[in-house]
Asks: 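Below you'll find the structure I mean.
Heavy-atom basis, side chains included; hydrogens, waters and symmetry copies ignored. We count residues from 1, following the sequence as given.
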Amino acid sequence: NGGTLETLTTMVLNTNRGITIGSPTLAGGWGAIQVATNTLTITFPVLPTLTYGGVIANNSGGASGLNKLGFGTLTLFGQNTYTGITSNKVGTLTLDFSQTSQSANIINPASKLVLGGAISGGFGTNYAQLIMTGKSSTTDSQTFNGTHLTFGGSIIQANSGSGGTVNLILGALDHDAGSAVIIQPP
């Protein structure tokens with residue numbers, strides 16, 4: 001509960017390594033994955049990417065959430081079963097259906113999506129993106145149990161594979177004052 005997996009470099013985490021998040025005795029815990037850079041100057045496109053196709057699950061205590069931290073990218077393509085909030089504070093969260101045989105819900109549809117909310121140098125920073133990448137000639141779908149936007153602008157993009165379709169269902173939308181979302185066409 002409250003643990004953080006951190007990487008400072010691009011890597012692929014073995015899909016056989018399951019990840020459990022939250023408390024073993026109480027519901028409502030968190031786990032974090034931080035994809036950060038170890039340099040003081042951030043230059044695109046050298047930000048790291050962590051790719052994981054295994055399962056992120058609730059610990060035995062019940063519903064637990066995932067915090068994605070750091071300016072880098074977390075790419076998921078396994079069928080994750082945790083049921084708490086999915087929070088992308090800063091950086092990019094990619095749901096990549098092109099790397100999996102499943103066509104629905106890389107994130108459990110019971111999970112609510114939260115975009116933005118990181119603090120950097122005493123100031124709020126919002127560079128939170130959700131990207132959904134579909135598979136060719138397939139209809140892929142991801143459903144969230146609502147979406148909350150914090151301050152600043154967030155970006156949501158859904159890209160279908162060649163000849164395919166993607167359906168991104170955000171659920172009920174709510175926001176903090178001063179927030180905005182850009183829905184980018186593919």
Asks: Leu5 and Leu50: side-chain contact (heavy atoms from CB on, under 4.5 Å), yes or no, with the steps?
Replies: CA-CA 10 Å; Leu5 169 65; Leu50 174 62; 4.2 Å; yes

Asks: Stepwise, does the side-chain contact (heavy atoms from CB on, under 4.5 Å) test hold for Thr73 with Gln129?
Replies: CA-CA 9 Å; Thr73 299; Gln129 294 188 88; over 6 Å; no

Asks: Can you check side-chain hydrogen bond (donor to acceptor under 3.5 Å, both in side chains) on Ser98 and Thr133, steps first, answer last?
Replies: CA-CA 6 Å; Ser98 72; Thr133 302; over 6 Å; no

Asks: Nearest 0.5 Å, please: how far is OG1 in Thr20 from OH in Tyr82?
Replies: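 Separation between the atoms: 13.5 Å.
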
Asks: What distance do Asp96 atom CG and Met132 atom CE have between them, rounded to the nearest 0.5 Å?
Replies: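 So the gap between those two atoms works out to 10.0 Å.
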
Asks: In the structure I gave you, are the side-chain heavy atoms of Asn108 and Asn80 within less than 4.5 Å of one another anywhere?
Replies: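 No, their side chains stay 4.5 Å or more apart.
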
Asks: Can any side-chain N or O of Lys135 pair as donor or acceptor with the backbone N or O of Thr100 at less than 3.5 Å?
Replies: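 Yes; at least one donor-acceptor contact below 3.5 Å.
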
Asks: May I ask you to decide if Ala177's main-chain N or O and Ser179's side chain share a donor-acceptor pair within less than 3.5 Å?
Replies: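 Here the side-chain-to-backbone pair does not exist.
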
Asks: Applying a strict under-4.5 Å side-chain criterion to I, L, V, M, F, W and Y, I'd like to know whether Leu95 and Leu170 cluster together.
Replies: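 Yes, Leu95 connects to Leu170 through the hydrophobic network.
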
Asks: Transitively linked via ILVMFWY side-chain contacts under 4.5 Å: Met11 with Tyr52?
Replies: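 In one cluster with Met11: Tyr52, yes.
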
Asks: Determine whether Leu47 and Val90 fall in the same hydrophobic cluster, where Ile, Leu, Val, Met, Phe, Trp and Tyr are linked whenever their side-chain heavy atoms lie under 4.5 Å apart.
Replies: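 Yes.
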
Asks: Is there a side-chain contact between Ile131 and Asn159 in this structure, where contact means two heavy atoms from C-beta onward sitting under 4.5 Å apart?
Replies: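 The answer is yes, as the side chains (C-beta and beyond) meet within the 4.5 Å cut-off.
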
Asks: Would you say that Thr75 contacts Gln99 through its side chain, given a criterion of any heavy-atom pair below 4.5 Å between the two side chains?
Replies: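 Yes - at least one pair of side-chain heavy atoms lies under 4.5 Å apart.
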
Asks: When rounded to the nearest 0.5 angstrom, what distance separates OG in Ser141 from CG in Asn105?
Replies: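 Between atom OG of Ser141 and atom CG of Asn105 there are 5.5 Å.
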
Asks: Judged by atom type as modelled, is there a donor-acceptor pair below 3.5 Å linking the side chain of Gln34 to the main-chain atoms of Thr4?
Replies: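 Not at all, since once roles are kept as given, no pair shorter than 3.5 Å links the two residues.
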
Asks: Is Leu13 close to Ile19 at the side-chain level, that is, under 4.5 Å between some pair of heavy atoms?
Replies: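 SC-SC contact between Ile19 and Leu13 confirmed.
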
Asks: To the nearest 0.5 Å, how far apart are OG1 in Thr86 and NZ in Lys112?
Replies: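 Those atoms lie 12.0 Å apart.
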
Asks: Which residue is it: Asn88, Ile85, Leu149, Thr147? I am looking for the one with a side chain to side chain contact (heavy atoms under 4.5 Å, CB included) to Val114.
Replies: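 So the option named by the test is Ile85.
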
Asks: Decide yes or no for Asn58 and Ser64: does some side-chain heavy atom of the first lie under 4.5 Å from some side-chain heavy atom of the second?
Replies: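 A side-chain contact exists here, since the closest heavy-atom pair is under 4.5 Å.
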
Asks: Quick one: pull up OG1 in Thr94 and NZ in Lys68 and give me the separation to the nearest 0.5 Å.
Replies: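 Rounded to the nearest 0.5 Å, the OG1-NZ separation comes to 9.0 Å.
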
Asks: How long is the gap from CD1 on Ile106 to CZ on Phe97, to the nearest 0.5 Å?
Replies: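 Interatomic distance, Ile106 CD1 to Phe97 CZ, rounded to 0.5 Å: 4.0 Å.
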
Asks: Quick check on the hydrophobic clustering: are Leu115 and Val166 connected, directly or via other members, by side-chain heavy-atom contacts under 4.5 Å?
Replies: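 Yes; tracing contacts between hydrophobic side chains, which count when under 4.5 Å, links both residues.
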
Asks: For residues Ser154 and Gly116, report the shortest heavy-atom separation together with the two atoms involved.
Replies: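 Taking every non-hydrogen atom into account, OG-N, 4.4 Å.
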
Asks: How about Ile56 and Ile33: do any of their side-chain heavy atoms sit closer than 4.5 Å?
Replies: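 Heavy-atom side-chain distance check passes, below 4.5 Å.
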
Asks: Hey, quick one: are Leu168 and Ile183 part of the same hydrophobic cluster, counting side-chain heavy atoms closer than 4.5 Å, chains of contacts allowed?
Replies: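 Hydrophobic grouping puts Leu168 with Ile183.
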
Asks: Specify the closest pair of heavy atoms between Trp30 and Ser87, including all atoms of both residues, with the distance to one decimal.
Replies: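 Trp30 and Ser87 have their closest heavy atoms at CZ3-CB, 4.3 Å.
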
Asks: Carefully, step by step, assess Thr139 and Asn167 under the rule side-chain contact (heavy atoms from CB on, under 4.5 Å).
Replies: CA-CA 8 Å; Thr139 298; Asn167 298 309; 3.5 Å; yes

